[in-house]
Amino acid sequence: MSRWCLTLLLLGAIACDGQIGSPTAEPNDPDDTVETAPPARDPVGDANLPEGRRLRRMSADQFVASLEVATGQRWRDYERFAAAMGRADYGEITEEGLELNVTFEKLVEDAARATCEDAVAADVDGGNVILRHATSSDRDEAAYVANLEYLFLRFLGQPLAVGDSRLDPWLGLLNAPPAEGAELTDLTMRRRWTAVCVGLVTHPDFVSY
Amino acid sequence: MSALQKTAYGLALLAALWAAGARAQETCAPQDEGETVSDHRLLRQLSLDLRGRIPTIQEYRRLEEGEAVDTLLSEMLESEEYFAQVRDDHRALLWGSLGQIDDMAPGGRRIRRTSSGIWRVTNNRRRYRGRNNVECLNQAQPASEYDSAGRPRALQTFSDSSCDGGTCRREGYVMVRPYWAPDTPVKVCAFDAMSVSTGRDGNRCDIYNPDPGCGCGPNLRHCMPETTSPAQRAVRDALEQEAPRIFEHIIREGRSYLEAFTTRETLVNGPSAFYYENFAGAETVGSGGARVYDPALGELPDLTFQDEGEWRVIERSEAHAGVLTTLLFDLRFASNRSRANRFYTAFRCEPFVPPAGGLPAETSGDPDPNLRERDGCRSCHQTLEVAAAHFGRWRNDTTFGLLPSSAMDPLGVRDDCATCGDGTRCSNFCNTYFVTRDNSHEDTHADWAGYPLVRAYLDDTEAAAVDVGPAGLVDEPDEIERVASCTVRTVAERMLGRELTRDEHVTWVPELAESFATSGYDYTALIRSMAESQTYRQVR
C-alpha cells in the first residue's frame, strides 16, 4: 500500500506544479521576483483532519468479479493468474496482496483485453453491455457522448455533467480520423470501443476504491 | 480523494489512451480531502467491501432516481453475496486451507486409474496378487468365479520365487459405479473392488484394515481418487468451507457472534458428509496423513456425494466448540499451541510477540524445561500454555478427532505412557499426547510422567481447561470483551483499509464494542454501524 501511495505521490509530483486551483489563474509576472517581500505560501489547511477510509487497490477476487459486472464477461484465465495477482491461498500466502505492482497491472490489462474483446463482440451480435447508446456503425458524437457517459457510470461509478472535460480524451479517440487513404470502418470503430473498454478497466479509478 | 492521487489517475488514463492511439490531456484539479464521499462513490465502496464487486448500472440508476444509499445498504446486508463475503473474510482470519495436507485419503486407500483404463488401489498389488508389479487381467471377472464369502477367485496363477508364498495371482475386473460419478461405471480390479464387510482376519473392513480380504467397499466408498482428482478436490473444498460456514450460519441468524466459538452446530454438504461417514471411525492410533478418528459429529444427513451445494446444519457432541473444533482448524493448526496462537492472533488481536527490547538472553546453562519459566520463553508461554491446554482432548499432528476419555484422563496419569521407555518402547500415541521418557526432559519426566503433555506445569485450576475444551476460551466476561473488541477492530481496519489510530483505539473502538454488545453481538449490526459511520464515509 505504501509503495502504491508513494507511486501516486511521485506521479502527482511529476504532473502537478503544486498549485491546486484553476488552471486559468493569471500567470506570474517575472518582474514579481524582484519584490522584497517573501513569496506568499500556499494556504496551510488543518493538519489534524479526521482520519477516514483509505483508498486502496481492489483484491484479485474483487477485480475479477467487478470486471464481470462491468463487461458481462468472466475472465477465463483468472484461476491461472489469481495467485500472481495477490490472491491468498491461506497455506503459504496468508495475506491478500494489495500492492499495485507491474505484475498486477500487466494481468489487469490482459484481463481487460480478453473480456472487452468478448464483450464488444457479444454486443455486435445483439448484446448491449458496452455498446448500449451507440453502435459500431454510429459516427455521431452525440451517440459517443451518451455511450461514454453510460460507460463512466457503469465502470467507474462516476456520473458526468454535460460537457464534462473528462470525456475529451475519449472523444479524441473515437473521433480520430482514419489513416490517410483509409476508411473509417465499423471494424475500426469496434476496435476503438474495445479500446475504450480496456481504458476504463485499466483506469486507476476502476482498480481502486 | 487527494489532488495528487487524482492527477496520478489522470496520468495513467492518459497512458492507456495513448496506447490506444489517442491524444489526450489532463489537468490537476482540486478534490475533496477529508470530506464525505459522494453517494455514487459510497455505493461503490460499500458494494466492494460488503459484496466483493462493483455495483450494477441498475443500482447506480436507482441512486439517480432518488433512492437513498442506505436503502441499497440494507439490501446488500441481506444478499447472498454479503454472506459469501462473510465466509471469505472469516476464511482469511482462520487461514482456512488444507493445502498443506498432501492427501485426504488416509493409509493405503488411494485408488487410481491405470494406463489400461482399469482402476486399482495404489501400493496394494503385493497384498492382493503376491508381487508389487502384478496387475489384474483386462478381462471381466465371471460371476461364477467368486467364493462363498463373495470374494473373487484368481483367474490366473503362476509360480515364481519373487511372489509371496511362491505364487502370484491375477483376477479380472468388475464394473463399478464409483461414488464420485455413479452415472459412469468404471472398470476396477476385482480384488480392489471387494465389498465384503469382514476381512479374512475377522475384523471389520474399513479404511484402516489392511487385510487382503478387504476391498474398497460398495461404490468404492473406502477409497479415494488421487489428490488432484475432482473427487478429492470436492472433499477438500467442502472441509475448507465448514468453519467459515459456521460463522455465516451464526451471523445469518442474527445470533451472538461469540457462539461461533462455542456452538455444537456445524454444517456439512455431500462431499464432507461422505468423508466423515466413510473416512473416519478407526479405533487404533496411527500417525501421518489426514486421518479422522472420531469426529464426534452425531447423525449425518442423508446426502449423496454429488450434493455439493446442499449444506445442512448438524449437531455435534458436547465436546465441540464452534469453529475451533472443526477439521479445518485442527488440521490447519496441527498443534495445540498453534491453535491457541491463531485464536489469540485472529480473534483477540493479541499475537504472541517478543517483549519490547527483544528476548532476554539465557542465564543458566541448562534451560528450564518449563517454558513458562524459561528465559526468553516465559513472556509468551505463560499465557500460551494455558490457552493451548483447551485443545488437549483433540488430536493433533495432522489427525483429527476427539480423544475418548478411555484413552486420556485430562487430569490423570496413563500408566503405559508413564512407564514406557524403561525397557519397553513408547507408542506413537504416548509420545504424541503424554509425557514420556522419549519426548521430555528428565526433570519434566520426573514430575509429570504419564500425564497429558498439555497438563505439565499447569496448576489444577489451569489444568481444568483441558476438560472444558476450546469453548473455555470465550466464556469469561473479560474474554468475551476481548474477542468483541478485536472483532470491532478487525472489521474497522478491513473496511477502512488502514490500521486504526491511537485515538480511535481509545475512543471509537470502545464505543463500537459497546454498541456491538448492546446488539447481542450481532455481526451484521456491527457492519452496518461501520458502514454508516462518518469515518467510513469520508476519505483521505
Side-chain angles (χ1 to χ4, degrees), chain A residues 1 5 7-17 19-21 23 45-46 49-56 58-59 61-62 65-66 68-70 88-92 94 96 150 153-159 165 168-170 172-173 176 192 195-196 198-199 202-206 208-209, chain B residues 1-14 16-17 19-30 33-34 37 40-41 43-45 48 52-57 60-61 64 88 91-92 94-100 332 495-498 501 504 534-540:
Chain A
M1 187 66 188
C5 290
T7 307
L8 293 175
L9 288 169
L10 288 173
L11 284 169
I14 293 166
C16 289
D17 58 6
Q19 299 292 325
I20 306 297
D46 182 0
L49 287 170
E51 286 283 346
R53 187 181 166 281
R54 189 156 296 169
L55 195 72
R56 63 178 180 272
M58 284 180 184
S59 69
D61 279 351
Q62 285 174 332
S66 298
E68 189 168 357
V69 171
D89 62 12
Y90 305 118
E92 294 181 2
T94 54
E96 194 73 27
Y150 153 75
L153 189 61
R154 183 181 185 99
F155 281 72
L156 308 181
Q158 295 174 0
S165 62
D168 293 349
W170 307 85
L173 166 67
R192 288 181 180 183
V196 168
V198 171
T202 56
H203 196 293
D205 281 358
F206 184 81
S208 66
Y209 76 106
Chain B
M1 185 187 306
S2 77
L4 295 182
Q5 287 168 337
K6 191 67 185 175
T7 303
Y9 294 165
L11 286 176
L13 165 61
L14 291 181
L17 288 172
R23 292 180 181 178
Q25 59 183 5
E26 181 73 305
T27 57
C28 294
E33 185 167 33
V37 297
H40 283 79
R41 183 162 174 174
L43 177 63
R44 192 170 192 268
Q45 71 188 44
L48 280 157
R53 64 164 175 83
I54 59 172
T56 63
I57 187 75
Y60 285 125
R61 296 287 188 220
E64 293 176 349
D88 287 350
R91 187 173 170 221
L94 293 164
W95 289 1
S97 168
L98 292 172
Q100 77 282 11
R332 176 66 181 82
M495 291 181 70
L496 296 179
R498 61 173 172 83
T501 64
E504 286 169 335
Q534 181 60 27
T535 308
Y536 181 73
R537 295 184 175 202
Q538 65 190 19
V539 68
R540 281 194 70 194

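We name chains A, B, ... by the order of the sequence lines, and we start the count at 1 in each one. Since the structure is predicted, the reported quantities are computational estimates derived from the model, not experimental observations.
One distance of note links CZ of B/R41 with CG of A/D205; it measures 8.0 Å at 0.5 Å rounding. One finds the CZ atom of A/R154 at 10.0 Å from the CZ atom of B/R61 (value rounded to the nearest 0.5 Å). Taken to the nearest 0.5 Å, the CZ atom of A/R53 stands 4.0 Å off from the CD atom of B/Q45.
Contacts of A/Y150 with chain B are made by both backbone and side-chain atoms, with heavy-atom separations under 4.5 Å. Proximity to chain A (any heavy atom under 4.5 Å) is shown, for B/R537, by neither the backbone nor the side chain. With a threshold of 4.5 angstrom between heavy atoms, B/T535 approaches chain A through its backbone and through its side chain. No part of B/Q100 comes within reach of chain A, as not one of its non-hydrogen atoms sits under 4.5 angstrom from that chain.
Side chains of B/I54 and A/Y209 form no contact here, defined as non-hydrogen atoms less than 4.5 Å apart.
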Between A/L153 and B/E64, does a side chain to side chain contact (heavy atoms under 4.5 Å, CB included) hold up when you go through it step by step? CA-CA 11 Å; A/L153 189 61; B/E64 293 176 349; 3.5 Å; yes

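Taking B/P55, B/G96, B/G99, B/S97 one by one and counting their heavy-atom pairs under 4.5 Å with chain A, the maximum is reached by B/S97. Among the candidates B/I57, B/T501, B/L98, B/L48, the residue making the largest number of heavy-atom pairs closer than 4.5 Å to chain A is B/L48.
Scanning both residues, A/A65 and B/R53, for their nearest heavy atoms gives CB-CB, 4.0 Å. When every heavy atom of B/R498 is checked against every heavy atom of A/G52, the shortest pair comes out as NE-O, 2.7 Å. Of all heavy-atom pairs between B/D88 and A/Y90, the closest is O-OH, 4.3 Å.
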